[in-house]
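We count residues from 1, following the sequence as given.
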Amino acid sequence: MSLQINSTIKPTTLRLMFRCMKSLRYRVARLAACLSLFGLLSLATGCGESRQDLFMKHAMRDRGDTSEPDESSAEEPAAAAPAETAAAPPEQVASSQQVTQTAAKSTPAEAPVVPEPAAPEVVEEIGIPPIDERQPEEPLSDPERRKRSYDNLLKINEAILTYLQQNGHYPRAYQTTAGNVPTLSWRVELLPYLGYESLYKRFDKTRAWNMPPNKDLLQFIPDEYVSPERFDTKTNYLLPIDSAFIFGENRAIRPSMIDDGAANTIMLVEVNDQFAVNWTEPKDFDPQNPMQMSPYLGGLRSDGTFALWASGFPVLLESGLSDQQLFRAMSYNLSDAMQASDIHRPIAVQEAEADPVIQASLPDQLGDEQDPESALLAGVEVPPGIEEQQIEREPMPSPIALTAAQDKLRGIFLQDLQDADSEEDKAKLAAEFLKKSADMDSDPAGAFALQRAALRLAVDAGDARVLIQAIDQRVARFEVNSFRENLKWIQEYGEATASRDSTSVKADKLLQRSIPVIYAGIRENEFMRASAIARIAHRYTGMSRDEKVPRLLLRLRSQLGAANREYEQSVDDLEAYRVNPDNVAAGAAFGRFLCFIKGDWQTGLPLIAAADGGDLAEVARMDLRGARRASDQVAIGDAWWELSERAAGAYGQGAQDRAVLWYEKALEVLPESLDKIHVRNRLQEADDTDGRSPVALCVQLADELGIDLSQSLTSIAADGDRRMGNRDDDDD
């Protein structure tokens, strides 16, 4: 290549042009060398950086200074080392370290993220000293570390649940830029809910975690995220973010979207030290193989891994749990029928006896069929009158089998699913899927996948009849929680049809199913979930329906809210009574909840009768003594009736219900007399009055809608599935 130079150009200008050309050749040569070295490293490691890591590095470049770089600033600061993530198993970490050491001679080592020293005024404003100033003088003992970690879990849990309550969904795993590049962890988003508003405001949400000003805030890690083993800027409290887990794919998930229920799904784990991450870093627990999670867990505590259920209950995942059990506990959308009670163990803290807050949060025992949320009520009988059939059901298919079945279903029926455009087509296809699944006796995973597709189609079609059939078929065949299965799909149906004209939705079957679901919720102390079902059911009462049903549903919603407040207080009363059995006042308070809210008189009445003094305690003792003569039965009924006129709400209703029970006994044997007329008048008055307790309102609604509340949801499903099968046979 030749270059003609204009003779009019000044010598100084020529020297500047040659210097620029020389600099350009130097940079081209250096770029070629870097590309060559990158190729060698790729061959040595077997793979290059992921596209997400490259995007992250590109996004993390500080472009604040656009001037020509000098030789000392030519090297770009790198992102955090991939070996220090929670995504690689121990053997891969060791292998990666060996490759790094081999390449260190020819490539500069990545510099750690070093925050700038904080100015005193910044420390004062944030209110947290840098982590270097919070080191304990002596290493903590094992019991101290255990207790501190447990306290951290409780505080993080409270913040997550407060976020959920205010926003309607769990926090996303990480924040992103406008280009969808991850920037900051959920732990930053949670700062205001932990009380660190000033620290939260200092973060730049549009920049990466290891760019200024964010990197300089690493040193202000909140105590709640600090590992008691290390006291540095890394945290062991991570969210499971595999695609099968609730925080996977950066979802903003709602509790109703968790198939197994929040109480049966793990939302946070304490991972081993080598998988800890910088607390602001948008990385969490993402095992390469979600069916092999045990290498990541159990290294910090002697008896297992500390974790949180998505309902907010702390749990110890024991060391002996299998990888499949861990996967089922963390998966959210496979309806694998794993109950928390199958693996739940309370976290034991040595100082628990001296700490009433910890002691109050640890259940004494867990029944085989109970969720952790109701563990404090272990041993309490449910209201009588529920018949549970002995039904043999199949265990849930394995997660691997379910995943394979879902893939097969999409491959076989993809065109049918795409062609089902109208609501009528979707409902028809859902019914076809149910019929096919009923014939798959030898393919439980295939049947389960078809049922799931039918449920989704029925929700999209707004067809409650097909939806209830699908729920019943699943509950009748597989060992799933019947209450939670009904709850989940009724809630999804309500959300999907919320914006539609209620008169255009085929929801009669849903209205009828809602009452036994609400009744089951009362028995399981799930008052707010039952209230949500009552709200959905109220939408579908219809304008032409008798006004009594919508009126009763509105009252039921109100009473369920009051019942939930009574339940929360009753847990404290029960705990006080357990700690001190001589505290008869606490026992009586818990007994009132059982009798007047739950309708469990058999368990609650003796607790009320044991109280010192008071009209209620005296009537309870009279009730327990019983009566042989009809006149004495009337007297007991009158005593309860008098109490009902002096009490309000559910307590007045409960006393009236007890009076009605004694009046009905007396009416059977009373001769024609003024006493009999008196009893009949009282019974008629009670019948004409709207219920004032959740149980009484459910009974009244069941009478209005022709529903039998004497069967459990599992028994109802078995009968419904059997009737559906008979109709199919008749049709054939």
Side-chain angles (χ1 to χ4, degrees), residues 49-61 78-88 113 156-157 159-164 166-194 196 199-218 220-222 224-225 227 233-254 257-258 265-271 275-288 290 296 308 310 330 332:
E49 292 182 280
S50 69
R51 189 163 69 174
Q52 180 177 353
D53 286 338
L54 293 175
F55 276 138
M56 278 293 295
K57 284 190 176 183
H58 182 72
M60 287 186 281
R61 293 175 58 193
E84 294 187 358
T85 71
V113 179
I156 294 171
N157 164 66
I160 291 176
L161 294 187
T162 303
Y163 182 100
L164 172 63
Q166 293 184 10
N167 296 278
H169 59 82
Y170 294 97
R172 295 181 184 273
Y174 51 82
Q175 301 175 53
T176 64
T177 65
N180 206 31
V181 176
T183 57
L184 292 166
S185 165
W186 61 274
R187 290 172 286 268
V188 175
E189 188 67 17
L190 219 59
L191 288 175
Y193 302 88
L194 288 167
Y196 302 106
L199 176 57
Y200 178 75
K201 290 178 179 178
R202 284 188 165 268
F203 280 92
D204 185 343
K205 316 305 185 300
T206 66
R207 309 197 86 188
W209 67 277
N210 55 357
M211 290 178 61
N214 298 339
K215 74 173 185 178
D216 296 329
L217 299 174
L218 267 177
F220 298 108
I221 176 174
E224 291 83 352
Y225 298 146
S227 168
T233 60
K234 289 190 174 184
T235 183
N236 299 66
Y237 304 111
L238 310 185
L239 303 178
I241 59 168
D242 181 84
S243 60
F245 306 152
I246 60 178
F247 294 98
E249 300 172 347
N250 207 29
R251 302 182 188 94
I253 199 165
R254 301 184 302 275
M257 298 165 64
I258 304 175
T265 306
I266 294 294
M267 73 170 173
L268 184 144
V269 291
E270 186 185 30
V271 301
F275 306 114
V277 302
N278 290 288
W279 74 276
T280 59
E281 190 175 3
K283 290 185 179 180
D284 276 275
F285 180 48
D286 189 15
Q288 286 192 341
Y296 303 87
L308 287 172
M330 295 185 199
Y332 85 105

Should [X] and [Y] count as side-chain neighbours, where that means a heavy-atom distance under 4.5 Å?
{"X": "Tyr225", "Y": "Ile156", "answer": "yes"}
{"X": "Phe247", "Y": "Met267", "answer": "yes"}
{"X": "Thr183", "Y": "Thr176", "answer": "no"}
{"X": "Glu281", "Y": "Ser185", "answer": "no"}
{"X": "Trp209", "Y": "Leu218", "answer": "yes"}
{"X": "Ile246", "Y": "Ile258", "answer": "yes"}
{"X": "Phe203", "Y": "Lys205", "answer": "yes"}
{"X": "Ser227", "Y": "Tyr237", "answer": "no"}

Looking at [X] and [Y], what are the two nearest heavy atoms and their distance?
{"X": "Ile266", "Y": "Pro240", "value": "O-CG, 4.3 Å"}
{"X": "Asp242", "Y": "Pro287", "value": "OD1-O, 4.5 Å"}
{"X": "Thr235", "Y": "Trp279", "value": "CG2-CA, 3.8 Å"}

Identify whether the distance between the nearest side-chain nitrogen and carboxylate oxygen of Arg187 and Asp284 falls below 4.0 Å.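 Yes, Arg187 and Asp284 are salt-bridged.
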Could you give the distance from [atom1] ([X]) to [atom2] ([Y]), rounded to the nearest 0.5 Å?
{"X": "Ile241", "Y": "Glu249", "atom1": "CD1", "atom2": "CD", "answer": "10.5 Å"}
{"X": "Glu270", "Y": "Leu308", "atom1": "CD", "atom2": "CG", "answer": "10.0 Å"}
{"X": "Leu217", "Y": "Leu191", "atom1": "CG", "atom2": "CG", "answer": "9.5 Å"}
{"X": "Thr265", "Y": "Tyr332", "atom1": "OG1", "atom2": "OH", "answer": "10.5 Å"}

Could you walk me through whether Arg172 and Arg251 pass the side-chain contact (heavy atoms from CB on, under 4.5 Å) test, one step at a time? CA-CA 6 Å; Arg172 295 181 184 273; Arg251 302 182 188 94; 5.7 Å; no
Please tell me whether Glu224 and Tyr196 have a donor and an acceptor in their side chains that are separated by less than 3.5 angstrom.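 Distance-only check passes for Glu224 and Tyr196.
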Between the side chains of Thr280 and Asn278, is a donor N or O closer than 3.5 angstrom to an acceptor N or O?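 No.
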Can you name the one residue among Trp186, Tyr200, Tyr163 that meets ring-ring contact (aromatic ring centres under 6.0 Å, His included) with Tyr193?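 Going through the options one by one, the only one that passes is Tyr163.
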Tell me if a side-chain donor or acceptor on Asn214 pairs with a main-chain N or O of Leu184 at a distance below 3.5 Å.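 Absent.
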Hey, can you tell me if Tyr296 and Phe285 have their rings parallel, tilted or perpendicular (30° and 60° cut-offs)?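 Judged by the thresholds at 30° and 60°, the geometry between Tyr296 and Phe285 is perpendicular.
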Test Leu238 against Leu268 for side-chain contact (heavy atoms from CB on, under 4.5 Å), laying out the working first. CA-CA 6 Å; Leu238 310 185; Leu268 184 144; over 6 Å; no
